[in-house]
Every structure is written in structure tokens, then in C-alpha cells.
Amino acid sequence: MLWPAFGLAAGLALFLILGQVHDVPHPRGSVVVAQLPATKVAVVRVNLTAEVAVERAHIRINLPEGLYFWADGRELPQRSFEWSQPLRAGDNDIPIAVRGQTPGRYRLTVSTRIGEQHIDEDVVLEVVEG
């Protein structure tokens, strides 16, 4: 009976923390959350919102070719990370460092599973010269 714990009001928000953040509409209805300069590392803050506390949520972050996870001053070879953790009622902020090397639009995917309930969210990030 974990699905009621996640609730229909649960949400997923992604945003970038950079020196300058620009919201840009994407023609297909999704949103380019920010323009990420190719020379900078950005912290993508995944905010999982739960209506009530959840004992265990399985979370997976997938990056396409062209975006890289960043840790200890270097890019990591992994294209995805997954883990399980509890979620408290309200906002649960998960920071993830990424970097893009080549200008273009990239789709970062966050998948969350609690029991039988799945939420998948794609966010388009635009890497620009800089």
C-alpha cells in the first residue's frame, strides 16, 4: 500500500543553479529549464515532493550522450545513477552536478518508483557556447 503514500499531489521539479538561469520555451511543449554554458558545471536540483512520508523511493537519473555527471573535479563515465531512499512529507531536494561539453539540447530523465507507481519526467537542458 505504498502508492497512497506518494499520492496524486506528488510532484517532480527540476531546476538549475547557475550564475544566470534562462527559461526558454521548447517548441514541443516541454521547457528548456536553463541554458548551461559548456565551460561550467551546473547543479541540477531534483525536487521530489511527497504528500506524506514514504519509506522507500527508487530514483534513477539518466543522461544522454553529451551531458556528464560531475564529481571531484572530473566527469564520470556513468550515463545513469540509481538508488533508493526514504522521502519525507513535503519537498525532498537532491542536488546533482552535470556538465555539457557540446552545444545542443539534451533530455535529462528522472524516474521515480514507489511500490507500483512510476513517475517519469524529462527536462530539456540547452548547452550553449561559453
Item checked: Common cluster, L63/L125, ILVMFWY with side-chain heavy-atom separation under 4.5 Å ->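 Looking at the clustering, L125 is in the same group as L63.
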Note to self: Grouping I, L, V, M, F, W and Y whenever their side-chain heavy atoms are under 4.5 Å apart, do W70 and V128 come out in a common cluster?
What the structure shows: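 No, no single cluster joins them.
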Side chain to side chain contact (heavy atoms under 4.5 Å, CB included) partners of [X], counting only residues at least two apart:
| X | answer |
| --- | --- |
| A38 | V127 |
| P77 | none |
| P64 | L67, Y106 |

How long is the gap from [atom1] on [X] to [atom2] on [Y], to the nearest 0.5 Å?
| X | Y | atom1 | atom2 | value |
| --- | --- | --- | --- | --- |
| I59 | I119 | CD1 | CD1 | 11.0 Å |
| S111 | N62 | OG | CG | 6.0 Å |
| L87 | T49 | CG | OG1 | 9.5 Å |

Next item on the list: Using the test salt bridge (charged side-chain N to carboxylate O under 4.0 Å, His left out), find all partners of E65 that sit at least two apart in sequence or belong to another chain.
Entry: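 Only R79 meet the salt bridge (charged side-chain N to carboxylate O under 4.0 Å, His left out) criterion with E65.
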Notebook entry, point to check: Among all residues two or more places apart in sequence or in another chain, which pass the salt bridge (charged side-chain N to carboxylate O under 4.0 Å, His left out) test with R60?
Noted result: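 Salt bridge (charged side-chain N to carboxylate O under 4.0 Å, His left out) list for R60, sorted by chain: E82.
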Validation row: [X], [Y] side chains within 4.5 angstrom (heavy atoms):
| X | Y | answer |
| --- | --- | --- |
| P95 | V43 | yes |
| S84 | H58 | yes |
| L108 | I96 | no |
| R56 | V54 | no |
| D93 | D91 | no |
| Q101 | E75 | yes |
| Q85 | I94 | yes |

Next item on the list: Check for a donor-acceptor pair, side chain of N92 on one end and backbone N or O of L48 on the other, with a separation under 3.5 Å.
Entry: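 Yes, the answer is positive, given that a donor and an acceptor are paired below the 3.5 Å cut-off.
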Notebook entry, point to check: When you measure from the side chain of R113 to the backbone N and O of E116, does any donor-acceptor pair fall under 3.5 Å?
Noted result: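 No, because the side chain of R113 does not come within donor-acceptor range (under 3.5 Å) of the backbone of E116.
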Check: Does any pair with a residue in residues 72-91 pass ring pair (Phe, Tyr, Trp, His ring centres under 6.0 Å), and if so which ones, sequence neighbours excluded?
Finding: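 Qualifying pairs: F69-F81.
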Item checked: A57 to T112 - nearest heavy-atom pair and separation ->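 Where A57 meets T112 most closely, the heavy atoms are CB-CG2, 4.4 Å.
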